[in-house]
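Below is one structure, written out as structure tokens; comments come after it.
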Amino acid sequence: MTDPSEKPSHFIRDMIAADLAAGKHTAVKTRFPPEPNGYLHIGHAKSICLNFGMALEFGGACNLRYDDTNPVKEDREYVDAIAEDVRWLGFSWPGEPCYASDYFEKMYAFAVELIEKDLAYVCTLTPEEFKDYRGVPTRPGKESPHRSRPTAENLDLFARMRAGEFPDGAYVLRAKIDMASPNLHLRDPAIYRIRHAAHHRTGDTWCLYPIYDFAHCLEDAIEGITHSLCTLEFEVHRPLYDWILQNVTLPKPLPEQTEFARLNITYTVMSKRKLLTLVQENHVSGWDDPRMPTLTGMRRRGFTPAAIRTFCERVGITKFNSLTDYALLEFCVREDLNKTAERRMAVLNPLKVVIENYPEDAEETFEAVNNPEDETAGTRQVPFSRELYIERDDFMEDPPKKFFRLGPGREVRLRAACYITCTGVVKDEQGDVTELRCTWDPESRGGGTPDGRKVKGTLHWVSAKHGLKAEVRLYDRLFTEPEPDGVDGKDFRDFLNLDSLQVVTGCVEPSLAEFAPGAPVQFERIGYFTPDPDSRPDAPVFNRTATLRDGWKGK
RNA sequence: UGCCGAAUGGUGUAACGGUAGCACAACGGACUCUGACUCCGUUUGUCUAGGUUCGAAUCCUAGUUCGGCAACCA
């Protein structure tokens, strides 16, 4: 899929194609500019797929750039995790990642240029005064008394700000634009603030840091970005983005900012702040908790890069604030995993079955297909013996007509093995079923019989003697509300799903011990799983990625 | 009551003045050694009101609704 015409169009793809066709640019250059203050989530994946995707599609390049202009919030830990996540998603960037902090010296020079052009001034209003002077949307602001400070004095003060002569917050550099603008961002916005804080890369070199609006457009220009794609909340910043670029000396063409709607998915939250809260308050085990919408969490959960990329493509790119159904994400993983995951059998809620007419000490193996969707996946041998486990849900003592599974006197097929008929039910004092007595038909070895009789149900099973005990972590949506952060007067934590994690001990096919964390597997008739990093061959742990679709649902 | 932006089935998206299409979801059916997969079918839509036009989801006007913006955050 390298031909853009094969994909459904969206306005950004159309715009880039038009820009290229018009000769506005000779090559496309985009960037993905995360701030290293948290882990990447599925919302970032949309942006990553867009930015890297457009570059790939049009034969250009996309930079990974850390927008690290605020040392108090950023950390090295995040830098490494972000690069790993982008790579995992399947994208690469030219050379080393870029850092806004690499441009601090250049940015400083651009700030000096603005001062020299009388387009910036040092202001000593306190933050409270600053806010007061800015005014409100419906009323113009008023000009700072320092607005007319002479250029030489501005230059001197700005140099002394850099030299560390003043404490945090004492002075700020402001762009001189228009205090009466209906756009608040144009009312002489602050562009540099004093922060005596160690930066994760530049250390103590600086105590003066540029603010986003000033820094970001310059980062784009310095890197020769042609299309600066960001989310809708920056739409009102665009006039300032353009103003900065137009008022300093820069080669043309200048980068242009285009905004698109961020991703929202039902039953989850998508802000770094809220995700951080979940981590800090221990509602989840960490950023990589499989219930988190973070890429690291989804990876641990068993989501594949291909599934996430397909999802991002299907969600589309628009300027409309939408809420995408989690079911679409689930569909995308199932679609991918159905083709790639090997099948195995695992019983999550075991019910013992004794095959009365099967010799006590005998055992044999049956050949099972690893993946019906992929012949090259081959087959495996599955051990069978007199005592087995089946799923408790696959038996009903008094089943309704439409129940295809096991019941007294009923015959079913054991997947890849043989037919069995239930001949007796053993119960404990409470009357709960503890064991099933069955007989098998040796003629049905392999799953069919010479007389050609049909059975409606096929059950998965595990030989009691050969099966491995495994911890299985069943994950469900983290929230009970489709829009946990969209309910008036309620906090998103009010909607945490207390049953989002259920841990069971299952009995699994021996061959499952060989699976490595991240490797996808389908437990037949149950769902898609992957071993957790906690998993060990002698103590396997599986995370449920997604259930299988269930067309029966117990009706 | 300021500015910016957006409105197409339950959800997400396409159409670029010429038959409103696709996907997810839901429902029904076929197939089936996974009640999976696959296949077939059904239901549901252009925010409202005017206007331009042979013809409007698309262009114009007015309105309605929703989202964003008042960190020395990004």
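In what follows, chains carry the letters A, B, and so on, assigned in the order in which the sequence lines appear, proteins first and then strands, with residues in each chain numbered from 1. These numbers come from a predicted model, not from an experiment.
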Provide the Watson-Crick or G-U wobble partner of B:C72, both distances under 3.5 Å; none if there is no partner. none
For nucleotides B:C37 and B:C31, find the distance between their C1' atoms and express it as a whole number of Å. 11 Å
If only side-chain N and O atoms of A:Arg195 are considered, is one of them under 4.0 Å from the OP1 or OP2 phosphate oxygen of B:C73? yes
Presence of A:Arg193 side-chain N/O under 4.0 Å of B:A74 phosphate oxygens OP1/OP2: yes
Before accepting this row, confirm whether a basic side-chain N of the pair A:Lys319/A:Glu235 lies closer than 4.0 Å to the acidic partner's carboxylate O. yes
Please state the P separation for the pair B:U11 and B:U48 - nearest whole angstrom. 15 Å
In this structure, how many angstroms lie between the C1' atom of B:A26 and the OH atom of A:Tyr326, rounded? 19 Å
Is the ring centre of A:Phe320 under 5.5 Å from the base ring centre of B:A7, and are the two planes under 30° apart, so that they stack? no
Take the protein atom CG of A:Leu323 and the nucleotide atom P of B:U11, then report the distance between them rounded to whole Å. 9 Å
Can you check the distance between B:U34 and B:C27, where both ends of the measurement are the C1' atom (answer in whole Å)? 23 Å
Write down the distance separating the C1' atoms in B:U58 and B:U53, rounded off to the nearest Å. 13 Å
Can you check whether A:Phe542 and A:Phe523 have ring centres sitting under 6.0 Å from each other? yes
Would you measure the distance from the P atom in B:C4 across to the matching atom in B:G63 and give it in whole Å? 14 Å
Under the 6.0 Å and 45° cation-pi test, does A:Arg174 pair with A:Phe130? yes
What is the distance from CZ of A:Arg334 to C1' of B:A23, rounded to the nearest Å? 15 Å
Atom-to-atom span, CD of A:Glu391 to P of B:U34 - whole angstrom: 17 Å
More than 12 non-hydrogen atoms from neighbouring residues, nucleotides or ligands closer than 6.0 Å to CZ on A:Arg149, yes or no? yes
Could you please name the option among B:G35, B:G68, B:A6 that lies closest to any side-chain atom of A:Phe403? B:G35
Quick one: A:Asp68 CG to B:C73 P, roughly how many Å, whole number? 15 Å
Strictly below 4.0 Å, N to O, side chains only: are A:Glu364 and A:Arg445 in salt-bridge contact? yes
If we require ring centres under 5.5 Å and near-parallel planes under 30°, does A:Trp552 stack on B:G35? yes
Is NZ or CZ of A:Arg477 both nearer than 6.0 Å to the six-membered ring centre of A:Tyr267 and within 45° of the ring axis? yes
Indicate, yes or no, whether a donor-acceptor pair under 3.5 Å links the base of B:G35 to the side chain of A:Arg405. yes
Just N and O in the side chain of A:Ser322: are any of them under 4.0 Å from OP1 or OP2 of B:U13? yes
Of the options B:U32, B:C3, B:G12, whose atoms approach the side-chain atoms of A:Lys456 most closely? B:U32
Output yes when at least one side-chain N/O atom of A:Thr318 is less than 4.0 Å from OP1 or OP2 of B:U13, else no. yes
Find the distance A:Glu235:CD to B:C69:C1' and express it as a whole number of Å. 10 Å
When only distance counts, do a donor and an acceptor, one from the side chain of A:His185 and one from the base of B:A71, lie under 3.5 Å apart? no
Just to confirm, is there a sub-4.0 Å distance from OP1 or OP2 of B:C73 to any side-chain nitrogen or oxygen of A:Thr69? no
Compute the centroid of each ring, for A:Tyr209 and then for A:Phe104, and state whether the two points are separated by less than 6.0 Å. yes
Indicate whether OP1 or OP2 belonging to B:C37 is found under 4.0 Å from a side-chain N or O atom of A:Arg549. yes
Calculate the interatomic distance between A:His216 atom NE2 and B:A74 atom P; express it in whole Å. 11 Å
Can you see if the side chain of A:Arg134 gets near the phosphate of B:A71 - specifically, an N or O under 4.0 Å from OP1 or OP2? yes
Using only heavy-atom distances, decide whether a donor-acceptor pair under 3.5 angstrom links the side-chain of A:Asp168 to the base of B:C72. no
Closest nucleotide among B:C4, B:A74, B:C24 to the A:Phe234 side chain: B:A74
Answer with yes or no whether A:Arg314 presents, from its side chain, a donor or acceptor under 3.5 Å of a partner atom in the base of B:U13. no
Interatomic distance, A:Asp188 CG vs B:C72 P [rounded to whole Å]: 12 Å
Could you measure between the two P atoms, the one in B:A20 and the one in B:C24, and give it in whole Å? 23 Å
Pick one for B:A71: is it syn, with its angle within 90° of 0, or anti? syn
